[in-house]
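The structure presented is a predicted model; accordingly, all values stated were derived computationally and were not measured.
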Amino acid sequence: MSEQTMSEQTIFRNAKLADGSLADFFVTGGRFSAIVPAGKAPPADFAAVAPAIGTPGIVDPAIIDLDGQLVVPAFVEGHIHLDTSFYGDAWRPHIPCTNGFDVRERVAFQARNLAAAAPMAERAKNQLELCVGNGSLAMRSHVMVDASVGLSHVETILAVREKYRDLIDIQLVAFPQSGILSSPGTAELLDEALRLGCDLVGGLDPASFDRDVKGHLDVVFALARKHGAGVDIHLHDGGALGLFQVEEIAARTKALGMAGHVAVSHAYGLGDIPPDALARAGAMLAAAGVAIMTNAPGNHAFPPVAALRQAGVTVFSGSDNIRDSWWPYGDGDMLNRANMIGYRSGFYEDRELAAAFDVVTHAGARALGLADYGIAVGAKADFVAMPAQHVPEAVVAVPKDRTVYRRGKAVARDGKVLAR
């Protein structure tokens, strides 16, 4: 082993695990090499990788005492829009729709606001550092593709992703913000966006926006198969119409053998259907391997988290919009998002609060297909340390004084990204 590799070793003492026990972490090359009870010597197989401290000619590892802080896996920001946020830019007063929530009208407001906004790369950087500062080290961002912007948003955000690749893992979704069939040329643009480096193909309200569920989904799933990409579809339609589209997406996912590679974002319709219909939908989604993303929005019905999880559905979350044309809220803090999900879901018991936390950590990792995630030997040492007795207290208290570690190195503290 080279001296350079040895210099990347770190020992973290007295970390509090989710079960309340204290442990020491041994990190080598950015991964957990060993996790042992606090004060106990590392196992023999670790010694083969990391010789004893003080061995002549070997660079000793750094030692960091976490002093009993709760240590959790880095958060997963599962749904965000890096290209359309105004965070860090001039305040944009919210413009209400003229007759209730209307996606087309909101898209028009967005175009007007973006025309006067700061450069996209600057705004995306502000939003990324906000999320990293709060502990998210994995992210899925939807990026607008349509006839009005072409591939300009995708090209800009791809460059931003490359610049920040050492700080955060980012998946990009080619997102048809103006529909597919109703926006001529968008299917070809989505194809090119995937060729350029987007990881997933998106969709938008196949029924109410494009008014052709089959045609819309034909394009989305054909592109996914062509590029070996995942699918993540925005679905705002409520009630029976929304449920019908969820059923169609699940059926295609199962038929194409794409379990674990398809998500429906928002899925408001699952939040306003009868219990028996929800039970059938949950069983169908679990069997098909379709994940559901919810950010528990304030003025919409949203998918019942507990019922879907009980059915075996992967439910994950994201900030969605942060201070943009859709709403003025958003703080990029997935721990606070777990708090919101718990509050809106009526979660009070410790096990329920732990479930809300799972939505923004392990469930998010499953939905995004993240390998080597978690506090476990062999996993990437991406974690957050904070003052809390346990996970339920962290969800309720949302402590802000956190330190964020990427591959075992501190990258953010107290909400701010450290100098790199």
- Query: Taking NZ, NE, NH1 and NH2 as the nitrogens, is one of them in K226 or D191 under 4.0 Å from a carboxylate oxygen of the other?
  - Reply: yes

Sequence neighbours excluded, the answer for side chain to side chain donor-acceptor pair (under 3.5 Å) partners of N126 is none

Between the NE2 atom in H142 and the CD1 atom in I233, the distance rounded to the nearest 0.5 Å is 10.5 Å

If the threshold is 4.0 Å, N to carboxylate O, is there a salt bridge linking E122 and K125? no

Taken to the nearest 0.5 Å, the spacing of Q127 CD from D83 CG works out to 8.5 Å

For residues 365-379, the side-chain hydrogen bond (donor to acceptor under 3.5 Å, both in side chains) pairs (sequence neighbours left out) are R31-D372

Do NZ/NE/NH1/NH2 and the carboxylate oxygens of R140 and D232 come within less than 4.0 Å?
yes

Quiz prompt | Pi-cation contact, Y87 with R323 (under 6.0 Å, within 45°) | solution = no

Sorted by chain and number, sequence neighbours left out, salt bridge (Lys or Arg N to Asp or Glu O under 4.0 Å) with R337 holds for none

Less than 4.0 Å between a side-chain N and a carboxylate O, is that true for D65 and R13?
no

Quick note, side-chain hydrogen bond (donor to acceptor under 3.5 Å, both in side chains) partners involving residues 246-257, not counting sequence neighbours, are D218-R252

Answer whether the closest heavy-atom distance between the side chains of Q9 and F26 falls below 4.5 Å. no

Could you tell me whether F175 and H81 have their ring centroids closer than 6.0 angstrom? yes

(Q) Between D358 and R309, does any NZ, NE, NH1 or NH2 come within less than 4.0 Å of an OD or OE carboxylate oxygen? (A) yes

Sorted by chain and residue number, the salt bridge (Lys or Arg N to Asp or Glu O under 4.0 Å) partners of D210 (sequence neighbours excluded) come out as none

inquiry  = Can you confirm if the aromatic rings of H266 and H79 lie within a centre distance of less than 6.0 Å?
reply    = yes

Would you call R92 and D324 a salt bridge, using N to O less than 4.0 angstrom?
-> no

Residues at least two apart in sequence or cross-chain that pass salt bridge (Lys or Arg N to Asp or Glu O under 4.0 Å) with R225, listed by chain then number, are none

CZ (F25) and OG1 (T10) are apart, to the nearest 0.5 Å, by 12.5 Å

| query | Salt-bridged, R161 to D199, with N to O below 4.0 Å? | reply | yes

